[in-house]
Chemist: 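Take a look at the following structure, please.
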Amino acid sequence: MSATLVQVIVGGLLLGAIYALFSSGLTLIWGMMNVVNFAHGDFVMVAMYIAYVVYVLLGGGPLASVPIAAVSLATIGILAYFLLVRHVMRGPMIAQILGTFGLALLLRYSMFGAAGANFLSLPDNLVGGTYEIFGIRLQASRVVAGIVALLVTAGLHLLLTRTSLGSKMLAVSEDATAAQLMGIRPDYMQAIAWGIAAGATGIAGALIATFFYISPTVGETLAIIAFVTVALGGFGSVPGALVAGLLIGLIESLSAYWIGGVWKDVVVYILFIFVLWFRPQGLMGKS
Amino acid sequence: MKKLLWPGITAVLLLAYPLVFTTPFQQRLGALVLLYAIAASAWNIVGGYAGQISVGHVVFFGCGAYASLALFTHTGLPPVLGMPLGIAAAVGIAAIIGTPTLRLSGHYFSMATIAVAELARLVTTNTEFLGAAVGLSGPTVPRTWLDLSFISSVPYYYLFLAVLVITLGITWWMERSRIGFYLRAIRDSEKAARSLGARAPRVKLIAYLLSAGLTSVAGSLYALMFQFVDPESGLGILISVKMLIMAALGGAGLLFGPLVGAAILVPLEEISNSLLGGRGAGLTFVLYGAIIVLIARFRPDGILGLFQSARKAPEKHDA
Amino acid sequence: MLEATGISKVFGRLRAVDDVSAEVRQGEILGLIGPNGAGKSTFFNCLTGDLAPTTGSVRFLGEDITTRSPEARAELGLARTFQLPQTFTGMTVLENVMIGAFLRTSVTAEARERARRILDIVDMAHLAQTPAKTLGTPGRKRLEIARALATEPKLLLLDEAMAGLNPTEVRAAIDLVRVIHGMGITLVIVEHIMEVINSLADRVIVFHQGREIARGTPREVTGDPTVIEAYLGKRASRAGGRT
Amino acid sequence: MMKRSPWAALAVASLLAAGLSGGAFAQQTVKIGAIYPLSGNAASAGTSAKAAIELAVDIINNDHPELGDITLAKGTGLPNLKGAKVEVVFADNQGTPAAGQNQALRLITEEKVVALHGAYQSGITTTASAIAERYGIPFMTGESVAANLTERGFKWFFRTTPIASDIADVYVSFLKEMKAKGMKIDNLVIVNENTEYGTSIAKVVGDTAKAGGFNVSMVIPYSANTTDVQSQVLQLKDAKPDAAIFISYTSDAILFTKTMQALGYKPPILIGDNSGFSDASYLRTVGPIAQGVINRSAWDIGKPGSPTFLINEMYKKKTGNDLDDTSGRVMQGFLALAEAVNRAGSTEPAKLQAALKATDLKPNQLMMGYKGIKFDAKGQNILASAMLIQAQGDQYVAVWPKESATAELKLPYKAWEK
């Protein structure tokens, strides 16, 4: 295997880890509440701007911006739940799409009005530059994001499977009425889930900001990939999102390298449609 | 007779609109309302009545728009003749993608349709025959009346109105026939509907094909009016979302829901863009987003849902 | 009229139904009983077509329907209700029943007429124009039966049609089943309320851990030591006698 | 049941529509419409273009003797129209051809503009100019480059910007000259985004380069607004080009530059074709790691005190950024349009059209480095041209051809190295 190919693969996996990172919040909400958050990409966008503001105001890198973005986004998530999502969940599925899509436009263009249309970017050396290991170039910011992706995935997975909070949340997602009879307040659990999911999204956004451009419409670019990642992994499956993210990153990189950049998304969508066909519950979803 | 009162008044208003509002922009606004109402009504058949939330309907819209302009570009024939080709292509594609995807439920169906639409956009962007990224243009300078290229929007207005009436007529007929009942039953519980003998796969497919064909007509009409289509404007995800939003806003699964949704959103978007867009602060979309959020929050069944539920007795029975 | 032969259903490593055979005779009421998780519902769903059995075959009126879809079975005259009512909440009560009636006619007015007749039979005519979503559990259970009746079935499969009802409602429901039986419709009922089985069923099949452990008249079955051991054991001993 | 609502909704719509009509028009002004992407993906470019046009209006309406021969800078307003001021009505095309056309119609029929300028994306220029053609109102574009725009037989369409063939000529002559000077330049690679802009320029540049005796060993198209370009950079690295030509919008240009640094690859010569590389955001965000990138441009800030330098100062004061080439071309197109209106001495469409056809501006009257402005029968400026500029420090400086150069060309491409 040529060094370039190794580089392509390593790069693809790192990219995939990042896809997984910004998809984990989406899959949590999707799986727990059967709500598609069309504003997810714009949550990432807001977190990226927070990272930028932290840098400009405090001169801080991810050490400062990640916690700040996580807390801010968790707050936004909880607010969104109580002010909007809780109500649209009672309506038909289409009301959820309507509500979250409207929220997406609101966030995107409020940011547009506040920050302008210009592209922004954080300095490249904010997270320690680039290293060469065995001839493979690794960008520190991407490696950090990749590691955090694994940590967040593991954390969310443990939270859902090993803690009482997690089992309460799962109980609500299985049967809200039954959970209520057991003394669990579904709306609190769902609000917490929104907070956690949005918080994870905040972490993702703050980290992506260290190597990606920032603009009000960047969420659009990221959102579709997140949807595909979540559906491929299986709605609600956090490990599924990780596997799917890695897979998509790898396939994109390899197909862009071998077939050409304009075809990489075509390959991903075809794969996605095939998976839906043969395994509609996604790679790791429950049937 | 009383039943026909409000549709009658609506019909008179629709017929009279271009005569009352005579500036070109107002007339175009009217035509656009009708155009989007056609697309949203077509979406409503499968998304509203059958409850299969397609977020990839733009594929069929693109079939119509591309068929019309590709026919003109490659043969020089008037774009309107591409309409049947577009319908055929849309129905064909719907049959191919509908069979596997309609088996999927809920969000999986939505995701599959998004993927198909994005696939179509990407492939078209790289297909020379369809104008690739540059897009296709129509006969900007009309050669004969068959090119249906008018300076005024009034001919378009009445053309669109006629097509809308046909679309709503088909929907009305469907709503009252067995297939309409089956679709609504499938939306509520596919399992139960099948146990009662509804051939769910076939019924859903019929609705999907019908919806695809009508959406394609909307695409052809779009091409006639704007005489230009490129991958973003003919196959972009935003158009799918617009159809969905208009239907949902007015009331998904209700005959006049999409028309009401279009009659609110199209003027809202065009007028707020006219008044605010030039400032360049994205205010149009802030407003647009806020209204959508408010409707979803307070009227999740759409604006007409209010009238729908008011009609039926709300009190609980033997609960 | 219905023969299920050697039905097994395996989920992963779990054998939910293990080699069960049953025959439903024209005009009878057959009861399927057993504790929760005994496999009676899985077996039931193999009969209705919601699940495909892993092995075995189902014949209805002489035709092999093992792989037929639920809608094809409905057309042959096999109707069913659901344990958790699957009400069409966006419709009125009458429209719910029309969905069933549409199986035998494609004309809307005709379907409406038939649905009205069914509502008379189940004593819900006064609720015809009520939105179905406003019905409570008893109303929804009754509506399930009405819808199924509208398909003009030869065989009706009732899945715990009495669960969640109070004693008065149970008695009303038992009366309704008798009326349906009186119309010449054969019935299979899945129940865990013995009272219902005793007063309705001609024959009973008892399930335990995916297998059939006994069959016979309700009286024979309730006297069977295996059944008492497996199913009625605790209750019977606690009550100090048999129901 | 549902009958009241459609009626009510239509009534609301009608009221809103009615609210749009009417409205008095201010006198002593000449209204010109400008259609740009002020929201959506291209909003960054659109807002810069808007600022540039506002600056142009300032130059026209107010006395700016310091700007020398630049058209309409001296004196206030349009002298041949009794000093009437120019008023621009901006409209947002929202990045869609439909909105572009709707707004063109509105500007013509409701705002009664005498001419239109726009619309950035070539596809939107296509639909917006079609309305102007039907109404017989001049449509000027200072920036849309798609070749077919001037091939439609339109009589009211004018374009000041150089198009793909002009651009390709500049690159090929430059590369030939470098080769003649002894640099090894045989192998070229073109990297382009796959919308209409990237595809059309890449094709013409590729053909022209081949005709000029170069070997275009690879063309790497990619999807615009992509999330990752690592594979494309690695393909480029494999191809080992002597010069790489990038045709990208801003977001991708930034991403490519960052990724090339991350992967430690830089070609000996890197040419970024305008657009993304010209956006003020580009140098501001990745300037320090893109030192020596060559950009096609017709805009050069020039020496301190020169008219272009002063224009840039004014623009900088207004927006905080240096004027970029795209916005400069927008501004030039608008100034040329205003000059024609003034020369026509009338807002009558036919006279305006005649004046535009008779346009003959000399280089000293222009802010952009064109050889002049003179339209052929199709409305294309036959004197449009471009020069090459290079990122040195925090700005672009003109480096080629020699006669317009203000700084020394520095090769090879240094990127992030000091």
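All chains are named by letter (A, B, ...) in the order of the sequence lines, taking the proteins before the strands, and each is independently numbered beginning at 1.
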Chemist: Provide the closest heavy-atom pair for A115(B) versus F272(A) in the form atom of the first, atom of the second, distance.
Modeler: CB-CD2, 3.4 Å
Chemist: Determine the interplanar angle of the F285(B) and Y109(A) rings, folded into 0 to 90°, and report it as parallel if under 30°, tilted if 30 to 60°, perpendicular if over 60°.
Modeler: parallel
Chemist: Which atoms form the tightest heavy-atom contact between L244(B) and I97(A), and what is the distance?
Modeler: CD2-CG2, 3.8 Å
Chemist: Atom CZ of F101(A) and atom CG of L238(B): how far apart are they, to the nearest 0.5 Å?
Modeler: 5.0 Å
Chemist: Looking only at heavy atoms, what is the nearest atom pair of L98(A) and I292(B), with distance?
Modeler: O-CG2, 3.0 Å
Chemist: Measure distances from I53(B) to the heavy atoms of chain A and classify the residue's part below 4.5 Å as side chain, backbone, both or neither.
Modeler: side chain
Chemist: So for I291(B), is it side chain, backbone, both, or neither that comes closer than 4.5 Å to the heavy atoms of chain A?
Modeler: neither
Chemist: Run the numbers on V262(A) and T125(B) for side-chain contact (heavy atoms from CB on, under 4.5 Å), then give the verdict.
Modeler: CA-CA 9 Å; V262(A) 293; T125(B) 306; over 6 Å; no
Chemist: Please flag which part of L107(A) lies under 4.5 Å from any non-hydrogen atom of chain B: side chain, backbone, both or neither.
Modeler: neither
Chemist: Quick one: does R297(B)'s side chain have a donor or acceptor within less than 3.5 Å of a partner on G99(A)'s backbone?
Modeler: no
Chemist: Tell me the closest heavy-atom pair linking A112(B) and L276(A), and the distance in Å.
Modeler: CB-CD1, 3.4 Å
Chemist: For V241(B), is it the side chain, the backbone, both, or neither that has a heavy atom closer than 4.5 Å to a heavy atom of chain A?
Modeler: side chain
Chemist: Can you tell me which portion of A252(B) sits under 4.5 Å from chain A's heavy atoms? Options are side chain, backbone, both or neither.
Modeler: side chain
Chemist: Start with the C-alpha distance between F227(A) and E118(B), add both sets of side-chain angles, then the distance that settles side-chain contact (heavy atoms from CB on, under 4.5 Å), and finish with yes or no.
Modeler: CA-CA 12 Å; F227(A) 285 149; E118(B) 281 294 285; over 6 Å; no
Chemist: Can you tell me which of Q96(A), R108(A), M93(A) forms the most heavy-atom pairs within a distance under 4.5 Å of chain B?
Modeler: M93(A)
Chemist: Kindly give the heavy-atom pair with the smallest separation between V88(A) and A296(B), and that separation in Å.
Modeler: CG1-O, 3.2 Å
Chemist: For F82(A), I'd like to know if atom CZ has over 12 heavy atoms of other residues, nucleotides or ligands within 6.0 Å.
Modeler: yes
Chemist: For R103(B), which atoms come within 4.5 Å of any heavy atom of chain A: side chain, backbone, both, or neither?
Modeler: side chain
Chemist: Specify which of A248(B), G289(B), G47(B), S110(B) makes the most heavy-atom pairs with chain A at under 4.5 Å.
Modeler: G289(B)
Chemist: Select one option (side chain, backbone, both, neither) describing which atoms of E220(A) are under 4.5 Å from chain B's heavy atoms.
Modeler: neither
Chemist: Would V286(B) and L105(A) satisfy side-chain contact (heavy atoms from CB on, under 4.5 Å), going step by step from the backbone distance to the final call?
Modeler: CA-CA 6 Å; V286(B) 173; L105(A) 283 181; over 6 Å; no
Chemist: So which atom in V266(A) and which in L119(B) form the shortest heavy-atom distance, rounded to 0.1 Å?
Modeler: O-CD1, 3.6 Å
Chemist: Between F112(A), W263(A), F38(A), which residue shows the highest count of heavy-atom pairs closer than 4.5 Å to chain B?
Modeler: F112(A)
Chemist: Need one label for T101(B): side chain, backbone, both or neither, based on atoms under 4.5 Å from any heavy atom in chain A.
Modeler: neither
Chemist: Is it the case that more than 12 heavy atoms not belonging to R202(B) sit under 6.0 Å from its CZ atom?
Modeler: no
